[in-house]
Amino acid sequence: MKLQGKVALVTGAGSGIGLAIATRFGAEGASVCVNYYGHADDAQALARKLSESGRAIAVEADVSRRDQVEDMVARTVRELGGLDLLVNNAGIEQYKPFLELDDDTWDRTVAVDLRGVFLCTQVAARTMRDQGKGGSIINISSIHEDYTFPGFAPYCASKGAVRMLMRTTALELAAHGIRVNNVAPGAVATPINEATLRDPRKMDLLRGIIPLGRMGTPEEVAAVVLFLASDEASYVTGATYYVDGGMTRYARSV
């Protein structure tokens, strides 16, 4: 019960990595706000399940909208008693070669993947500051905060920006006892990767460039997030933790 007595907000928690994080947080004793924008049924079912042994609410909100983020944080504080932990997990990606990239795809990706992190971090950090108890903010970025991904320029640009946003906010918020870190998953078996999971050729290519030889699971990512959220990471801030089976370190001798 590493999070006993803590209140957590997990964005994009209706599926994949976010759902695994919210589930693990609840199992470790946290009260959880399960944010969703899609996957409403799954998010609400998770909140009901977590409520069987603790406290949880499901809140629909578009993280790129300040008014909706402020309402979500206020509801979390009002119904769950405060806010100690924020996980910025909500994100989108769409394949578009750079020369074919349209404004709408760029704008929407950056709005969710970067602006959403900014808004949620700022609103949550103000609440944590005013509570005077510190807190922990974890961004689910990606190995593509550092590792190129042709065809996904707005996604990579957003994740690279989240890396520098994390580093900067870690310094500014340290005075308030608020720690900020990134968790950067590599290839993980989630709904966002369904097309890859169904393609034997792509799976063979992936296994060939992942030193551990397999995709990761959402639960493996959630385990690292739990560490950063817990008091065991009380001296950790401003860092990115890669959860990628060694993919960013892949190299072959010639």
Main-chain N/O of [Y] paired with [X] side-chain donor or acceptor, under 3.5 Å:
X	Y	value
S142	E145	no
T248	D244	no
R55	L80	yes
N35	V10	no
K6	G135	no
E28	K2	yes
S15	D42	no

Given side chain to side chain contact (heavy atoms under 4.5 Å, CB included), test M72 with L9 step by step and report yes or no. CA-CA 9 Å; M72 174 173 62; L9 166 58; 3.8 Å; yes

Decide, yes or no, whether a salt bridge links [X] with [Y] under the criterion of side-chain N to carboxylate O below 4.0 Å.
X	Y	value
E70	R75	no
R24	E219	no
E52	R48	no
D204	R201	no

Would [X] and [Y] count as having a side-chain donor-acceptor pair, cut-off 3.5 Å?
X	Y	result
N88	T121	yes
Y155	Q94	no
D113	T109	no
T240	R167	no
N139	S141	no

Can D84 and K133 be said to form a salt bridge (Lys or Arg N to Asp or Glu O under 4.0 Å), step by step? CA-CA 8 Å; D84 305 290; K133 300 187 299 178; 3.3 Å; yes

Side chain to side chain contact (heavy atoms under 4.5 Å, CB included) assessment of T105 paired with L101: CA-CA 7 Å; T105 299; L101 185 60; 3.9 Å; yes

State the CG-NZ distance between L206 and K202, to the nearest 0.5 angstrom.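 That separation rounds to 9.5 Å.
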
Once rounded to the nearest 0.5 Å, what's the spacing between atom OG of S158 and atom CG of L114?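 Answer for the OG-CG pair, S158 versus L114, is 5.5 Å.
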
Should we count CZ of R249 as having more than 12 external heavy atoms under 6.0 Å?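 Count not over threshold, so no.
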
Only one of N182, V162, I137 passes side-chain contact (heavy atoms from CB on, under 4.5 Å) with V117; say which it is.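 Of N182, V162, I137, side-chain contact (heavy atoms from CB on, under 4.5 Å) with V117 is met by V162 alone.
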
Checking side chain to side chain contact (heavy atoms under 4.5 Å, CB included) for the pair T169/F118: CA distance, chi angles, key distance, verdict? CA-CA 10 Å; T169 52; F118 155 64; over 6 Å; no

Shortest non-hydrogen contact from A233 to F227?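 It is CB-O, 3.1 Å.
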
Which pairs count as salt bridge (Lys or Arg N to Asp or Glu O under 4.0 Å) when at least one residue sits in residues 93-102, sequence neighbours excluded?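 Every pair satisfying salt bridge (Lys or Arg N to Asp or Glu O under 4.0 Å) with a residue in residues 93-102: K96-D102.
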
